Amino acid sequence: MSLFEVFSALQQQLAGRYPDFPADAVQPERCPAGMTGDLTVNCFRFARFAKLAPDRMAAETAEMLRAHPDVEDAQVIKAFVNVTLRPAALLRDTAAQLERLLNAGLLPVASRRKVLIEYSAPNTNKPQHLGHVRNNVLGMSLAALLKRVGHDVSEINLVNDRGIHICKSMLAYARYGKGETPASTGIKGDHLVGNYYVLFNKVLGEELSAVRGTHPEWADRDDEALFEETELGRAARQMLRDWEAGVPEVCALWRKMNDWVFEGFDQTYRRIGIHFDHTYLESETYLLGKDVIAAGLSAGVFQKRDDGAVTVDLGKMGIKVVLRSDGTSVYMTQDIGTTLRKVEDYTPEELIWVVGDEQNLHFQMLFAIMKKLGYAWADCCFHLSYGMVNLPTGKMKSREGTVVDADDLFDRMAELASAACAERAPETPAAELAARGEIIGLGALKFMLLKFNPRTTMLFDPEASIRFEGDTGPYVQYACARIASIERKAAEQKIDYAPDKVDWSLLGEATEKKLAIEAGFYGAVLQLAAERRDVSGLVEYLLNLAKAFNQFYRECPVLVAPSPELVRARLALAAAVRRILADGLATLTISVPEVM
RNA sequence: GGCCCGGUAGCUCAGAGGAUAGAGCAGCUGCCUUCUAAGCAGUUGGUCGUGGGUUCGAUUCCCGCCCGGGCUACCA
C-alpha cells in the first residue's frame, strides 16, 4: 500500500480490472533528475500481469492517473509514467502526517518476531581494534534497526575468555609483569593485557628463530608447527592444561587478568553506546554440545569413524568432525552447544550472528547441522557476514601491532571534531566542545563504517576516512543542527507551525516538493533495510534526504519567506525533516548535537 | 584443485533486467552585508575486468576466461 492516495487508488483500479494483478505491483519511484514529474511508475514491471504491451499499459495507467484529483499531470515516456502531483496532495500524504510517516516503518504486528543477535565476541587477550569496531557497529545498528521496525530484539555477546591465546598473555605477564596492574601503571586493563600478548609473541619469535637455527631441517615448518618446540610454547600449553585442571594459581591469574580486560571493554562499549542484554563466557560454555553429539549419534545424524572421531556428512560442504577421536570438543561442538543454550534462554524466532566472512563455511555447516538435528528454527539462522578492514599499508595484525586501536581511534575522531567545533565557535566552553566532539566524531566513524555494504572488504585510510565533509555522518548531523537552529528562532518569535495550522498547499517549489517526496520514502527504506538485514540503504537515504534539505535551505528561505503562511509551512516541513533525520541516525545508533 | 566473495570515474564506494550508469573525495569555476559555507551551484573524468549467450532491452541473469581476497583442520 503506497503512502500516496493516488497510487493506492491506481493499484486498486488495476487490480479490479485485471484478475492476476499482484497486490503490491504499483511501486512509485522518485522521478529521475531532469525529467518533468515528482514520481514515476514503471509499467514495464507489471504490464505482463495485464497481458498488455508495456506502452499500452503505460497509456492506460496514465489515463487512470490523469483522472485522479491529486494529479496535475502524467506524461508517458516509453513505458514510464511521470506524474506531477498537486502540492496539497503531495504534502498531505507526506510531511503533513509526520507520525504516520514515521510509523510507516513499522511492520504489521503479525510479522514482528523475537530476534536474538550476537556480535562483538572479543578475545580477552588484547584490546579491540578497528575490525572489532566494524563488527560492533554493524551489530548494534542492525539490532537498533530491527527494533525500529517492531521486532523484539535481544543483544548478546559471547566473550572468548579461554584457550591457548589467553594463556599467552597470562604467561608473559607471569614472567615479566613484575606485579604491575592497571591501577599502578594507569594503563587501561585491556591494553595492559594486550601489551603482554605482544610481548609473548616477541619472545616467541626470538625462540622460533633460535629453534630454526639449531634445526635447519625444520625450515619449511611454519610457526604453528614449531610452537611446542619452543620453551615458551610448551609453557603456554602447560598453562592451558593447568587452567583446565583448575590449578588455583593459574585460575587466580586468569580471573585477575580477565577482570582487567572486562573493565577495559566496558569502557569501550559504553563509549560506543553498546548495551548487551547478556554476555556469555566461553569458559562457561565450551563444554556444552557434547550431549547433543551423543543424541545425534544415536539418531543417525552423526557417524562414528574408525578412529573414534564423530563426524557429520554435509554433502557438498564435506565431512565435518564434531567430536575428536579423544572425545574432546572442537569449535563446532561448542557452537552447537552455545546455540542450543541461547535458544533455551531466549526462545528466539530468529538468530543472527555478526561474524567476519572468513567463517562463512563454518556457519553454513552449523546451520546445516541444526537442520539435520531437526530444529524448526534452523531455517531462521542468519550469518551477517562482513569483510575485513584493510589499511593502506595492508592487513591489520594484532600480533604484529599493525592495528588501529579502537580507543585511540575514538579519541582521535572526538578530538578532531571538537577542534573543528572550536574553530567555528571559539567562545564555546570546553566541556561543551568535548561533548559535541564526542557526538560528531563517533558519529562520523560509525556512519563511515556503515556506509559500506557489509560484505565488502573495506579500506580504511586514516587521512581520507577521518572527514567531516561530503558523504559523512556530520553532513547529516549538520542538516539537523541547521533545522534545530531555525526551530529555536521560530520558538523565540513564537511562531506556531503545528501541522494543522499550516497551509501545506503553499509548498509548490521544486526543492520543497523534492524534499517532501524524499521524506515520504522513509518508511519503505527502513523496511527494506530491515528485510535485507543491511543498514547501508538507510545510510544512503539519510545522505539523500540531508542533501535535499540543504538544497531547499539554499533556495527557500524559511524564517524570512515572503509571507507568514509560507514561513509556517516551510518551518513545518523542515521540522518534519529533522525528525526523520534524527530518527534515522538514532536507528544507526548515532546521536545529534543541538549546535554544530 | 574445489567452494564463496569481489573487479564500475584518478581514489573510496553506491546501483541493479529498463529511460541519458551515480555519490563523495581529488582537480577546475563560481557563491558568506541573506535562517549555521561541516553548506550550495557548475565543470572535467567511465569501452561497468574480459569473451560468448539469453532478452524487445544486460553493467545487472547464465557459461567460459583473467585478476584480487577468503575458506577448504581432530585451531578458535
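What you see is a predicted model; the values in this text were computed from it and never measured. Side chains are part of it too, since the values below use all heavy atoms of this structure and drop only hydrogens, waters and symmetry mates. Just so we're on the same page: letters track the sequence lines, and every chain starts at 1.
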Short side-chain N/O contact to B:C40 OP1/OP2 from A:Tyr475, under 4.0 Å:
yes
Lys/Arg-Asp/Glu bridge criterion (N-O < 4.0 Å) met for A:Glu555, A:Lys514:
no
B:A41 phosphate, OP1 or OP2, under 4.0 Å from A:Gln551 side-chain N/O:
yes
Distance test, side-chain N/O of A:Arg467 to OP1/OP2 of B:A38, below 4.0 Å:
no
Classify A:Val330 by what it touches in the nucleic acid, base, sugar-phosphate, or nothing, heavy-atom distance under 4.0 Å.
sugar-phosphate
Check whether any side-chain N or O of A:Asn550 sits under 4.0 Å from OP1 or OP2 of B:G39, and answer yes or no.
no
For side chain to side chain donor-acceptor pair (under 3.5 Å), just list the numbers for A:Asn550 and A:Tyr478, CA-CA rounded to whole Å, side-chain angles, deciding distance to a tenth of an Å, and then say yes or no.
CA-CA 10 Å; A:Asn550 279 329; A:Tyr478 184 64; over 6 Å; no
Counting only side-chain N and O atoms of A:Ser485, is one of them less than 4.0 Å from OP1 or OP2 of B:U36?
yes
B:G64 - base-pair partner by Watson-Crick or wobble geometry, distances under 3.5 Å:
B:U50
Closest nucleotide among B:C35, B:A76, B:G18 to the A:Ile486 side chain
B:C35
Within the 4.0 Å heavy-atom criterion, would you say A:Asn453 contacts the bases, only the backbone, or no part of the nucleic acid?
sugar-phosphate
Once you apply a heavy-atom cut-off of 4.0 Å, does A:Asp461 come out as touching a base, just sugar-phosphate, or nothing?
nothing
Check the phosphate of B:C4 against A:Arg455, side-chain N and O only, distance under 4.0 Å to OP1 or OP2. Yes or no?
no
Is any side-chain nitrogen or oxygen of A:Lys547 closer than 4.0 Å to OP1 or OP2 of B:G22?
no
Apply ring pair (Phe, Tyr, Trp, His ring centres under 6.0 Å) to A:Phe382 and A:Phe367, showing your working.
CA-CA 9 Å; A:Phe382 179 73; A:Phe367 300 163; 8.5 Å; no
Applying a 4.0 Å non-hydrogen cut-off, can you work out what A:Tyr331 is touching in the nucleic acid: base, sugar-phosphate, or nothing?
base
Mind checking A:Met317 for me? I need base, sugar-phosphate or nothing, with any heavy atom below 4.0 Å counting as a touch.
nothing
Can a donor-acceptor pair be found, under 3.5 Å and without considering hydrogens, that links the side chain of A:Arg455 to the backbone of A:Ser385?
no
